[in-house]
Amino acid sequence: MSERAHPAPPEEGTEPERHDRTELSDEQPTEPAPPATGADAAIAALTAAGVEHVFGVQGGAIMPVYDALAEADDGPTHLTMAHEQAAAHAADAYGQVTGEPGVCMATSGPGATNLITGIADADMDSDPVVALTGQVPTEFLGNDAFQETDTVGVTRPITKENYFAGDADRIGATVSEAVELAGAGRPGPTLVDLPKDASTTETAAGPEPGRLPTYYDVPDRADESAIEAAAAAFEAAERPLVLAGGGVVKAEASEELRAFVNEADVPVVTTMPGIGTVPEDDERCLSWAGMHGTGAANMAVSHTDCLFAVGTRFDDRLTGGVETFAPDATVIHADIDAAEISKNVEADHALVGDAAAVIEQMHDAMATGSSDGSETDTGSDRHAAWREQCREWQDDYPMTYAAPEDEPLKPQFVVEAADAATPDDAVVTAGVGQHQMWAAQYWTFRHPRSWVASHGLGTMGYGLPAAIGAKLAAPDREVVCFEGDGSFLMTLQELSVAARENLDVTVIVLNNEAIGMVRQWQDAFFEGRHTASEYGWVPEFAAIAEAFGAKGFTLETYDEVADTLEAAFAHDGPSVVDARIDPRENVYPMVESGGDNSGFALAEDQL
Amino acid sequence: MSDDADAGWDDRPTQADRGAQREGLAGPEPTDRPRPSGRRSKQGVRIDPEAEASHPARRTTISALVKHEPGVLAEVAGLVSRRQFDIDSLTVGPTTNPETARMTLTIEEPEPGVRQVEKQLEKLVPVISVRELGRDAVRRELAVLKVHDDRPAAVESVVEMFDGEVLDAQPGTVTVEVTGSSSEVDRAVEAFQRFGVRELTRTGTGALARGTEWTTDAEADRYERQASSTTGTTNSATDRRTTTTAPETPTDDD
Ligand SMILES: Cc1ncc(C[n+]2csc(CCOP(=O)(O)OP(=O)(O)O)c2C)c(N)n1
């Protein structure tokens, strides 16, 4: 680091007494508040917000903040990650599992740019994440100083809001606001860029009570007249369907949704981020819809005449081509973000508000009186044929796979076996690729905040750092991570963190010696030319695990599955199971990109 | 799939079940399935089989009152570019309230696009209030152009015709200013072409709602009125962005 980038050393004898944060308490200090710095204020803001863990990597421009963190004995604990991308993913998963913002830190320049993928991932999935980044001193800004990146500029399109905190007196309030905003309304990532001079400058100003930015407006309940019209439409429908998105998880609205579905006695499908909002073994749940969703879910979505969609942004992996998405349906769209309404699929009824509130409002509106004044007709009888049809589709399109005894392991079997071997409330994380789809398809999820994956951005390597974040968020829950060989290779250095911290996570690598999802598309759409999708050689993952200090297993035959998984789950600490699966296995059902959901293929020759 | 929470390790699938249960994905082929009858447009709008829904692009003006702070312009410009909105012009300048600035966007989008521009703008934290202006809004644009001075009298008469002003006359060039609606300025520029326009600079459109109507909703209860009184304190009760509504008559910016 260049000489000039260093701040002036603190004056002798002014060692701040950092523990006594009088600004945090209501009591008036008896003595004048001891000097604290902007960095102290940032940490005090995290502490005041109840942040328990911070994930990050050290570096020049963020050092004062780390120093403040170390000095604050009531502050959050810090988990040093191997790479900043993993810090962001861990914070993201932590946020998903707890519902509270996850916090990550990085230095300026390369530290901040390494966070980008994780921040973009959180942005796409509306996960509450707060990133604190160091920055070069303000006087060097714009001069291409050592490790300078315009972090605020670079992250503007991928954050809910970001701040340049150039004034020590404002740092506490800014970090407080950033934490509050990350979790408010539609959650998302926020970032505070902390130039080194501001974080080392003395200030008496601490955090402020977490306040939303002045112009930020969080909608609460949906408009009553809109609710009434929507409820009437839903009641009048012949083939009503509920679609639960990730917003239901974020709004803690699962209970309300389950009650609504049960009482209205209608089928329900989820999006992939909405997995777990309704128990997948409930008879009304047709599992998830979309590119690799179940046949029943995609048939139902295609044939419904009234779709009550809650907390979904109608991603193209869900809708296929919008021209053919729920084409007969009156769409009731509930979302806390008004900008999602009619963005991809036009809503006939827009319900802008908190998901839990909106579902309850709908529930009430439907219970109190149907549109035609008739008393108790919840539609139950009228929908009998539709419910029966959905059940038939479940029978017609079961999630099965060919598993002859003498062939290599089927990944679906490994997923099912792992599900059977773990408690009901296990947290499952995943990388991105075929393995992610198999995990989502063949694990039976029953609870929200159990499926933690990279949906919108589809970030390979998400699974392991997410498992680390999830384990810190839920130390008492079993954490299982499914990774592909390719995806795992992108962040497996984080095994060092899991081993160092002795985190009890189990990574199951569904190893097909290929970046399989790409190979699958090459089979289907590029005449089987496997350009750059097959590894000539993959490392020994079990040996890698051991080298990092984790426990390594290799799984090759059906006979070993049960015992190996049992041993891996029983190991108190990180373990890696290298499951050598059938390299030719592909993911089905599949809706072609931009295709018609009801036209899903059950095998390659149907694409 | 696994059974229930208590399905212990002993209930795990066995090889024997596997052969029996697992036959690969079953079910009618895509061509044998019932298909829904409806259709949506590319914009996700359900098409009434009777009347084909279509949304032609229209030109309109959107006004946004924003917090006067660094970075807002970049935030708005970034939003517009990454969401591929078809933008004709974007102007920004302070208001009488030092806390706020006004941005005026002229866009050409189909109806759903116009609504998206509004809603996405509203989502930005420093954006206070957004509104699409009506057809009768006052809209002005400025052009400064430099023409050759070969026929000063003729230039003078064109300047008069467009209510312009000569800003500078030197041997060789005359620099003139014209203001008006975007199409008036177009016509003026066209008229000056006969002298040969050496150089031209144009601003985007600045616009305000006509008469007593407020340009954006927030201004009615907060900014502009309070700016003329002494207090500038913020009142969190009125401190919310209001949902915008489309004007009765959509504009097409002449
Ligand atoms: C960071 C990143 N790079 C590239 C891709 C594109 N991509 C999507 S799936 C995939 C293959 C994943 O391979 P692997 O992790 O081995 O999993 P598999 O599909 O074989 O289960 C690739 C390359 C991506 N999603 N993320």
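Atoms considered below: every heavy atom in the structure, side chains included; atoms not considered: hydrogens, waters and symmetry mates. Here is how names work: the chains are called A, B, and so on, in the same order as the sequence lines, proteins then strands, and each is numbered from 1.
- In this structure, chain B has a heavy atom under 4.5 Å from the side chain of Asp337(A), while its backbone stays farther away.
- Chain B forms the most heavy-atom pairs under 4.5 Å with one residue out of Pro213(A), Ala601(A), Gly599(A), and that residue is Gly599(A).
- Counting heavy atoms from C-beta outward, Val331(A) and Arg40(B) have side chains that approach closer than 4.5 Å.
- Heavy-atom minimum distance, Val125(B) versus Tyr216(A): CG2-CD1, 4.2 Å.
- Only the backbone of Lys160(A) has a heavy atom closer than 4.5 Å to any heavy atom of chain B.
- Expressed to the nearest 0.5 Å, how far NZ of Lys42(B) lies from CG of Asn344(A) amounts to 13.5 Å.
- For a residue to count as touching a neighbouring chain, one of its non-hydrogen atoms must lie under 4.5 Å from one of that chain's; by this rule Asp396(A) touches chain B with backbone and side chain alike.
- Considering CZ of Arg35(B) and OG of Ser302(A), their distance stands at 8.0 Å, rounded to 0.5 Å.
- Annotation: side chain of Lys343(A) is in contact with side chain of Gln120(B) (closest heavy-atom distance under 4.5 Å).
- Of all non-hydrogen atoms in Pro36(B) and Ser598(A), the two that sit nearest each other are CD-OG, 4.0 Å.
- The candidate from Gly113(B), Pro126(B), Pro28(B) with the greatest count of non-hydrogen atom pairs under 4.5 Å with chain A is Pro28(B).
- Looking at Phe600(A), the atoms closer than 4.5 Å to chain B (heavy atoms on both sides) sit in the backbone and in the side chain alike.
- Without hydrogens or angle criteria, Arg46(B) side chain to Glu346(A) main chain gives no donor-acceptor distance under 3.5 Å.
- Taking CZ of Arg156(A) as the start and CG of Leu124(B) as the end, the distance is 10.0 Å to the nearest 0.5 Å.
- For the atom pair CD1 of Ile341(A) and CD of Gln116(B), the computed distance is 10.0 Å after rounding to the nearest 0.5 Å.
- Residue contact with chain B, scored on non-hydrogen atoms closer than 4.5 Å, is absent for Leu212(A).
- Put simply, OG1 on Thr31(B) and CD on Gln606(A) are 7.5 Å apart, with the number rounded to the nearest 0.5 Å.
- For Glu75(B), the parts lying near chain A are the backbone and the side chain together; criterion is any non-hydrogen pair under 4.5 Å.
- Smallest separation of non-hydrogen atoms from Leu25(B) and Leu602(A): CD1-O, 3.7 Å.
- With a 4.5 angstrom heavy-atom cutoff, Pro589(A) touches chain B via backbone and side-chain atoms both.
- The candidate with the highest count of non-hydrogen atom pairs below 4.5 Å against chain B, out of Asp328(A), Val345(A), Val322(A), is Asp328(A).
- Within the 4.5 angstrom heavy-atom criterion, only side-chain atoms of Arg82(B), from C-beta onward, approach chain A.
- Contact annotation for Asp395(A): neither backbone nor side-chain heavy atoms come within less than 4.5 Å of a heavy atom of chain B.
- Contact of Pro34(B) with chain A is made through backbone and side chain together, with heavy-atom distances under 4.5 Å.
- When the candidates Pro398(A), Pro279(A), Ala329(A), Ala347(A) are compared by the number of heavy-atom contacts under 4.5 Å with chain B, Ala329(A) comes out ahead.
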